[in-house]
Amino acid sequence: EFEADGDVRIYDGNLVVAAGHGIDFSAQTATSVTGSSQTAELFDHYEEGTWTPFFDNVTAPNYTTQFGRYTKIGRFVSLICAIQPDNIDTSDGSAINVSGFPFVGDAATESVNLTLGRYTSFLGDSADDVENIRFTGGGVIFLNGSNSNISYNSGVNNALLQFSVTYQTT
């Protein structure tokens, strides 16, 4: 219903926006800060769902837990992950790499916000060695120092790893 003041009020049901359209905020004043510029003022995407995390670049393990949920708002994706292998080839020297992110991110910047939750037995006594995260666009690689991979042979068998991530799509 259109209100006398120009607002639109929905008393029951949903507002459905056609694909490729959204809520246009172009009537607002864009930033005027030196060096900044606005690139979009259309809110055109919102989605919630599940995804299945997996360890990449390692012989296919069996998992006790593979759980993920995500929310995508515009170009930003926020997700949670819980992953626990019940067996994994720990002789593999490749980097611990959790993949399967639901949307491709901007790997060129390698920018991602990651917060560890529980990491029960993850890496054994070397869990404190996680100092850096590399974003691959479809997952994350755990690093020690600025660019030293933490490998699967550091011990991830039966380890529960939980984390949350926020990143931007391309």
Side-chain angles (χ1 to χ4, degrees), residues 8 10 13-58 60-61 63 65-85 88 92 94-119 122-123 127 129-152 156 159-170:
V8 176
I10 299 173
N14 298 313
L15 174 63
V16 179
V17 179
H21 298 277
I23 301 171
D24 187 341
F25 290 96
S26 62
Q28 68 188 10
T29 304
T31 183
S32 61
V33 175
T34 303
S36 298
S37 63
Q38 145 270 318
T39 59
E41 295 179 319
L42 185 68
F43 176 58
D44 61 353
H45 193 102
Y46 179 86
E47 182 176 333
E48 296 179 7
T50 62
W51 65 287
T52 304
F54 61 90
F55 286 117
D56 206 0
N57 300 329
V58 68
Y63 295 95
T65 303
Q66 278 181 290
F67 174 81
R69 289 192 188 268
Y70 70 86
T71 301
K72 183 174 186 287
I73 302 172
R75 292 179 50 199
F76 283 90
V77 179
S78 181
L79 57 85
I80 60 169
C81 170
I83 186 168
Q84 181 177 19
I88 197 167
D92 189 318
S94 62
I96 295 174
N97 182 345
V98 179
S99 293
F101 285 15
F103 299 93
V104 175
D106 185 2
T109 63
E110 293 189 12
S111 181
V112 63
N113 292 323
L114 185 139
T115 302
L116 284 171
R118 290 178 57 198
Y119 48 100
F122 180 66
L123 305 177
D129 292 343
V130 177
E131 295 177 3
N132 196 359
I133 302 295
R134 180 181 303 137
F135 182 51
T136 66
V140 289
I141 298 173
F142 291 84
L143 304 170
N144 172 273
S146 65
N147 203 24
S148 178
N149 295 336
I150 298 175
S151 65
Y152 287 107
V156 296
L160 174 63
L161 172 61
Q162 296 176 331
F163 60 85
S164 63
V165 171
T166 302
Y167 66 97
Q168 191 170 17
T169 61
T170 53

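Counting begins at 1 with the first residue of the sequence. All values reported here derive from a predicted model rather than from experimental measurement. Computed over heavy atoms, backbone and side chain alike; hydrogens, waters and symmetry mates excluded.
- Scanning both residues, Ala159 and Pro85, for their nearest heavy atoms gives O-CD, 3.5 Å.
- Nearest heavy-atom pair, Pro53 versus Gly68, reported as atom, atom and distance to 0.1 Å: CD-N, 4.0 Å.
- Val98 has its side chain within reach of Phe55: a pair of non-hydrogen atoms, C-beta onward, lies under 4.5 Å apart.
- Contact of the Phe142 side chain with the Leu161 side chain is registered, since non-hydrogen atoms from C-beta on lie closer than 4.5 Å.
- Residues Gly74 and Phe43 come closest through the heavy atom pair N-CE1, 4.3 Å.
- Residue Arg69 places its CZ atom among 12 or fewer non-hydrogen atoms of other residues, nucleotides or ligands, all under 6.0 Å distant.
- Here the rule is side-chain contact (heavy atoms from CB on, under 4.5 Å) with Ile133, and of Val112, Asn113, Ile141 only Val112 fits it.
- No side-chain heavy atom of Val77 sits less than 4.5 Å from a side-chain heavy atom of Phe101.
- The closest side-chain heavy-atom distance from Phe163 to Ile80 is not below 4.5 Å.
- Between the side chain of Glu48 and the backbone N or O of Thr71 there is no donor-acceptor pair closer than 3.5 Å.
- Nearest heavy-atom pair across Ser94 and Asn57 is OG-O, 2.7 Å.
- Counting only residues at least two apart or in different chains, side-chain hydrogen bond (donor to acceptor under 3.5 Å, both in side chains) contacts with residues 160-170 are absent.
- The stretch residues 14-25 participates, sequence neighbours left out, in these side-chain hydrogen bond (donor to acceptor under 3.5 Å, both in side chains) pairs: Asp24-Ser26.
- In terms of modelled atom types and a separation under 3.5 Å, the side chain of Ser99 and the main chain of Asp56 share no donor-acceptor contact.
- Taken to the nearest 0.5 Å, the CG atom of Asp44 stands 10.5 Å off from the CZ atom of Arg75.
- Atoms OH and SG, on Tyr70 and Cys81 in that order, are 15.0 Å from each other to the nearest 0.5 Å.
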